[in-house]
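Encoded as structure tokens, the structure appears first; notes follow it.
Since we're looking at a predicted model, the values are computed, not measured. Proteins come first, then strands; the chains are lettered A, B, ... in the order of their sequence lines, and each starts at number 1.
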There are 2 protein chains.
Amino acid sequence: MTSSKVYLEIVKQLREMITIDGLKPGDKIPSERELSERLNFGRSSVREAYRALELLGLIETRRGEGTFIRDFRGNQLVQLLGTFILQDEKAKRDVFETKNYIEMDCLRLVLQRMDDHHLAILHDWINKEEHFTDDEFFYRIIEMSDNHLFLRIWLILKEYYYSLNPIQDTYKFEDYILLLNGLAEKDEAKTLSAYYNLRNLSSF
Amino acid sequence: MTSSKVYLEIVKQLREMITIDGLKPGDKIPSERELSERLNFGRSSVREAYRALELLGLIETRRGEGTFIRDFRGNQLVQLLGTFILQDEKAKRDVFETKNYIEMDCLRLVLQRMDDHHLAILHDWINKEEHFTDDEFFYRIIEMSDNHLFLRIWLILKEYYYSLNPIQDTYKFEDYILLLNGLAEKDEAKTLSAYYNLRNLSSF
DNA sequence: GAGACAAGTGTGGTCTGACCACCAATTTAA
DNA sequence: TTAAATTGGTGGTCAGACCACACTTGTCTC
């Protein structure tokens with residue numbers, strides 16, 4: 001049962017430590033030196049374990065202060081996996097399609113979660129900003145959907161999208177207004193229809 | 001844009017190296033000593049980068065042989081994430097929600113793309129297999145949606161999902177049938193309603 | 001006494017060099 | 001020809017050194 005590699009053994013023991021002590025995000029975990037002495041392993045092995053967990057986004061290190069459990073949001077991981085996995089999946093259609101579908105998902109979520117206050121803020125912004133970009137607009141939408149995972153995935157897709165389609169698309173201002181009206185009325189059909197219009201997609 | 005930490009810089013450069021050389025799973029990447037000399041970093045830093053990628057399951061090391069790119073499998077993550085994430089209720093909700101929404105997106109895509117032949121195959125399978133799992137079912141659905149990106153994302157989400165919810169959910173056989181009926185009739189409302197039923201979600 | 005400065009301590013960040021264990025190919029010996 | 005020993009490359013681990021940084025403490029000055 002003992003992990004053959006020391007750094008894996010350290011990860012394992014650290015997990016037990018966290019479970020037993022009931023440590024939560026923000027809490028401090030042992031320093032590299034302390035843990036290496038306590039478990040009788042070299043400091044470099046402890047570092048390998050910590051670095052791995054850090055890349056996973058599970059812990060956070062602050063030089064001069066220490067190492068802490070992190071508020072996990074699936075961030076680093078999705079990013080990394082993205083680059084490693086999506087490398088040969090650059091089919092233009094898939095990226096395009098997936099981005100659109102996720103944007104629509106977020107619109108649906110916004111319809112459920114949004115309150116008048118949020119909508120008002122969005123309205124103010126769109127009226128004040130003369131030349132906002134499509135990205136800025138949907139960033140706000142997806143933020144309002146309050147799903148961090150969607151946000152992360154969307155950010156990656158956006159990058160791919162631009163690498164495939166360097167020309168900055170321009171959309172009609174009126175279409176954004178229509179979309180906001182759909183949201184304001186909490187009308188899913190109307191909102192999605194406005195989205196289709198905005199993106200020049202053929203509707204069903 | 002230089003990463004402040006050397007090991008992150010090494011991860012970055014390694015990724016570029018992989019992209020440029022077009023390396024695939026199974027291919028060998030530079031040995032720790034070679035890379036440390038080539039990039040002018042210490043071997044321990046290279047090790048930190050390699051160990052992190054290994055824990056992620058992206059590379060594989062064989063003592064005495066070398067280090068190789070791996071065909072991604074999220075197995076390691078499953079146990080890991082559980083310990084670190086469990087407290088974070090919002091992250092949990094995000095994973096759950098995102099997985100569901102993507103499954104629904106794929107259902108919509110299937111509605112557009114599916115032909116009778118595909119549907120027949122799915123029908124045959126579901127009638128032959130007595131005890132299929134939910135994963136197996138939706139894997140087929142998502143495959144049929146013919147969007148590789150969604151498939152990749154879904155596979156990752158599935159891993160997250162099980163790390164958060166180790167209990168294998170069981171669903172009703174009839175609900176799958178209803179879902180297939182919805183697909184057969186190319187009726188989006190009916191299909192999604194069946195999905196909501198299957199997953200015990202409150203409909204709108 | 002209050003504030004500013006200095007030293008000290010603890011932390012992560014990095015590098016170097018040294019072993020060990022393992023594997024594979026080559027060379028050597030039977 | 002075959003089996004054994006050697007050799008070189010690889011990952012696995014450790015110890016120690018030094019740096020950069022953050023915080024605490026103590027001291028000095030006003």
Side-chain angles (χ1 to χ4, degrees), chain A residues 1-15 17-18 21 23 25-72 76 80, chain B residues 1-15 17-18 21 23 25-71 73 75-76 80 84:
Chain A
M1 197 67 72
T2 305
S3 307
S4 53
K5 304 195 186 191
V6 169
Y7 92 97
L8 289 177
E9 176 66 21
I10 291 171
V11 167
K12 185 179 147 203
Q13 300 228 21
L14 187 63
R15 281 174 55 203
M17 210 174 294
I18 288 172
D21 297 349
L23 299 181
D27 289 346
K28 197 169 184 297
I29 59 178
S31 76
E32 298 173 354
R33 288 177 178 81
E34 185 193 334
L35 193 60
S36 71
E37 283 175 18
R38 210 199 296 184
L39 302 183
N40 254 294
F41 293 124
R43 188 187 157 206
S44 42
S45 293
V46 172
R47 275 189 66 80
E48 289 179 8
Y50 275 24
R51 260 4 92 218
L53 293 175
E54 186 181 51
L55 190 66
L56 265 168
L58 298 176
I59 63 176
E60 178 185 6
T61 61
R62 295 200 285 271
R63 175 192 240 157
E65 295 183 65
T67 305
F68 306 84
I69 299 183
R70 189 169 175 181
D71 203 359
F72 179 76
Q76 293 272 24
L80 255 178
Chain B
M1 208 41 170
T2 306
S3 307
S4 53
K5 305 194 186 191
V6 169
Y7 91 98
L8 289 177
E9 176 66 21
I10 291 171
V11 167
K12 184 181 148 203
Q13 300 227 22
L14 188 62
R15 279 168 54 191
M17 210 174 293
I18 289 173
D21 298 349
L23 299 182
D27 289 346
K28 196 171 185 297
I29 60 178
S31 76
E32 298 172 354
R33 288 177 179 82
E34 185 194 335
L35 193 61
S36 70
E37 283 176 19
R38 208 198 299 183
L39 301 183
N40 256 295
F41 293 126
R43 188 188 158 204
S44 45
S45 293
V46 173
R47 277 189 63 81
E48 289 179 9
Y50 275 24
R51 263 359 95 219
L53 293 174
E54 185 181 55
L55 189 66
L56 266 169
L58 297 175
I59 62 176
E60 177 185 8
T61 62
R62 294 200 285 271
R63 174 190 239 153
E65 293 182 67
T67 305
F68 306 83
I69 298 182
R70 188 172 175 181
D71 206 359
R73 289 171 255 157
N75 39 13
Q76 292 274 22
L80 260 177
F84 285 84

Report yes if at least one side-chain N or O of A:R51 is closer than 4.0 Å to OP1 or OP2 of C:dG12; otherwise report no.
no
Using atom CD of B:E48 as one end and atom C1' of C:dC15 as the other, report the distance to the nearest whole Å.
11 Å
Is B:E48 close to A:R47 at the side-chain level, that is, under 4.5 Å between some pair of heavy atoms?
yes
Quick one: side-chain hydrogen bond (donor to acceptor under 3.5 Å, both in side chains) partners of B:E37, sequence neighbours excluded?
none
Whole-Å distance between C:dT11 C1' and A:F68 CZ?
9 Å
Starting at atom CZ of A:R33, determine the distance to atom C1' of D:dC19, rounded to an integer number of angstrom.
11 Å
First locate atom CG of B:D27, then atom OG1 of B:T67, and finally report the distance between them rounded to the nearest 0.5 Å.
13.0 Å
Check A:R51 against A:T61 and note the closest heavy-atom contact, atom names and distance.
NH1-CG2, 3.3 Å
In this structure, how many angstroms lie between the C1' atom of D:dG9 and the CD atom of B:E34, rounded?
11 Å
Side-chain atoms of A:K5 come closest, of D:dT13, C:dT11, D:dT10, to D:dT13
When rounded to the nearest 0.5 angstrom, what distance separates CG in B:L55 from CG in A:L55?
9.0 Å
Under the side-chain contact (heavy atoms from CB on, under 4.5 Å) test, residues paired with B:D21 that sit two or more places apart
B:M17, B:L23
In whole angstrom, what separates B:E37's CD from C:dG17's C1'?
13 Å
Using side-chain contact (heavy atoms from CB on, under 4.5 Å) as the criterion, list what pairs up with A:R62, not counting sequence neighbours.
A:E60, A:E65, A:F68
Indicate whether OP1 or OP2 belonging to C:dG13 is found under 4.0 Å from a side-chain N or O atom of A:T61.
yes
Distances for protein N/O vs nucleotides 14-16 of chain D N/O pairs under 3.5 angstrom?
residue	atom	partner	partner atom	Å
D:dC14	OP2	A:G42	N	2.9
D:dC14	OP2	A:S45	OG	2.7
D:dC14	O5'	A:G42	N	3.4

To the nearest Å, give me how far apart NZ (A:K28) and P (D:dA22) are.
15 Å
Which angle, to the nearest 10 degrees, lies between the helix axes at the two ends of the helix from C:dG1-D:dC30 to C:dA30-D:dT1, each defined by five pairs?
20°
B:E65 side chain, from C-beta outward: closest of C:dG13, C:dT14, C:dA24
C:dA24
Distance below 4.0 Å between B:R47 side-chain N/O and D:dG12 OP1 or OP2:
yes
In this structure, how many angstroms lie between the P atom of C:dC15 and the CD atom of B:E9, rounded?
11 Å
Could you give the distance from OG (B:S44) to CZ (A:R43), rounded to the nearest 0.5 Å?
10.0 Å
So, under a plain 3.5 Å distance rule, would you say the side chain of A:R62 forms a donor-acceptor pair with the base of C:dG12?
no
Give B:T67 one of three labels, base, sugar-phosphate or nothing, depending on what nucleic acid heavy atoms sit under 4.0 Å from its own.
sugar-phosphate
Of all the nucleotides listed (C:dG12, D:dT13, C:dC22), which has the minimum atom distance to the side chain of B:R63?
C:dC22
A:S31: which residues meet the side-chain contact (heavy atoms from CB on, under 4.5 Å) condition with it, sequence neighbours left out?
A:R33, A:E34
dist A:L8:CG -> B:E54:CD (nearest 0.5 Å) comes out at 6.5 Å
Distance in angstrom units between A:L8 CG and D:dG11 P, rounded:
16 Å
